[in-house]
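As the structure lists them, so they are numbered: ligands from 1, and atoms in each ligand from 1.
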Amino acid sequence: MSLSGQEAKKERANPEASANNKAEAVTFVRGKQSPTPSLSLKEMAAMAKKLRRHIIMMTGQAGSGHPGGSLSAVEIVTALFFRVLRHDPRDPRWADRDRFILSKGHAAPLLYSVLAERGYFPVEELSTLRKLNSRLQGHADMTATPGVEMSSGSLGQGLSFGIGVSLAGRIDKRDYRVYVLLGDGECDEGQVWEAAMASAHYKLDNLVAIVDHNDLQLDGPNCEIMNLEPLPDKFKAFGWHVIEVDGHNLSQLIAAFEEARKVKGKPTAIIAHTIKGKGVSFMEGNVDFHGKAPTPAEVEKALGELK
Ligand SMILES: Cc1ncc(C[n+]2csc(CCOP(=O)(O)OP(=O)(O)O)c2C)c(N)n1
Ligand SMILES: [Mg+2]
């Protein structure tokens, strides 16, 4: 059952009463009333598998879309949406919510999967991906879909957008945090580095950039198309606190987000080393599945591997 914004506000005013009425365990993050389900690592790993299944089924049914870069960032969004973010799916525009901005907008199936599982809209709606009149288009639309913070798809813009949201929080004296997910190929865009420079200039310690460092972009390896390395040193040189993690390790991701929370006076970049197509043998490290949907036979095979 979904609650209206008004009811959701009432519940937040009396969180204990509402928590008692819920089957799920509720954690109150940073002293605020955020119904964040406290999933164990094991439950989060199961959730990650579920998201991968959604991504395969959605792109398979649509016959188009971007499975590779959606699969590589599954653990990143699982950690964020099921452990880190202070947010309330019943009230997507809550002014104090933490913001998750998908800059690599082609990974919309990833965003839709986690939003649906977190309760922003029904899971059944995922099957409408890329269909006429669906609110789940190939690239996300912040005016149509609850939980989508930015309309993205044109690469390179999300970090700049994040700076605006982060500065607004400072001006409004709100303590929300801003998380921006970038692709590594996306970091070829000059705008990313203008934003990197500005984030450090404004000492945006409420801003975290996560780079899904899967070493591949649309049609080949980064090192052949535009060498990014040494990526961590580049962010450091721009004045960022940098953390490198295995982007498929939920404990490392959660620890990195906690570390970022404690950093003062500078933004944090989490370089998440990942595998494009992670979880499906014939998609892993295979650039062909950047922007190609699995065939019905491939869907079946992939789902068989994701049991
Ligand atoms: C400005 C812009 N240029 C080109 C594209 C086409 N495009 C879509 S995805 C992509 C590759 C992105 O690679 P990466 O950021 O590494 O994404 P991932 O590997 O996570 O899928 C490109 C070039 C685009 N969406 N926007
Ligand atoms: Mg990439």
Any idea how many protein N, O or S atoms are nearer than 2.8 Å to the Mg ion (ligand 2)?
3
Any N/O of K104 closer than 3.5 Å to an N/O of ligand 1?
yes
Would S72 count as a polar contact of ligand 1, with the cut-off being nitrogen or oxygen pairs under 3.5 Å?
no
Heavy-atom distances under 4.0 Å decide this one: backbone, side chain, both or neither, for [X] against ligand 1?
{"X": "H106", "answer": "side chain"}
{"X": "N222", "answer": "neither"}
{"X": "K276", "answer": "side chain"}

Distance filter under 4.0 Å to [X] heavy atoms, resulting ligand 1 atoms:
{"X": "G153", "result": "24 (C), 25 (N), 26 (N)"}
{"X": "E186", "result": "14 (P), 15 (O)"}
{"X": "S154", "result": "1 (C), 26 (N)"}
{"X": "G185", "result": "13 (O), 14 (P), 15 (O), 16 (O)"}

L110, L155, L228: member with heavy atom nearest to atom 10 (C) of ligand 1:
L155
Quick one: which of N214, L218, D184 has a heavy atom closest to atom 23 (C) of ligand 1?
L218
Between N222 and E229, a side-chain donor and acceptor under 3.5 Å:
no
What I want to check is whether the side chains of Q157 and S103 have a donor and an acceptor closer together than 3.5 Å.
no
Check whether [X] reaches the backbone of [Y] with its side chain - one donor and one acceptor, N or O, closer than 3.5 Å.
{"X": "Y176", "Y": "G169", "result": "yes"}
{"X": "E258", "Y": "A255", "result": "no"}
{"X": "S113", "Y": "H54", "result": "no"}

CA sep, side-chain torsions, deciding dist, call: H273, H248, ring pair (Phe, Tyr, Trp, His ring centres under 6.0 Å)
CA-CA 8 Å; H273 295 281; H248 300 304; over 10 Å; no
In terms of side-chain geometry, is the basic nitrogen of R174 or D96 positioned less than 4.0 Å from the acidic oxygen of its partner?
yes
Under-4.0 Å salt bridge between R135 and E125:
yes
CE of M142: more than 12 outside heavy atoms within 6.0 angstrom?
yes
Under the criterion ring-ring contact (aromatic ring centres under 6.0 Å, His included), which of F82, Y179, Y120 is the partner of H87?
Y120
Stepwise side chain to side chain contact (heavy atoms under 4.5 Å, CB included) test for F100 and V178:
CA-CA 6 Å; F100 172 73; V178 182; over 6 Å; no
Atom 13 (O) of ligand 1 has as its nearest protein heavy atom Q217 CB, 3.3 Å
Report the nearest protein non-hydrogen atom to atom 3 (N) of ligand 1: residue, atom name, distance rounded to 0.1 Å.
E189 OE2, 4.0 Å
Working for side chain to side chain contact (heavy atoms under 4.5 Å, CB included), residues L253 and N249
CA-CA 6 Å; L253 284 163; N249 184 315; 5.9 Å; no
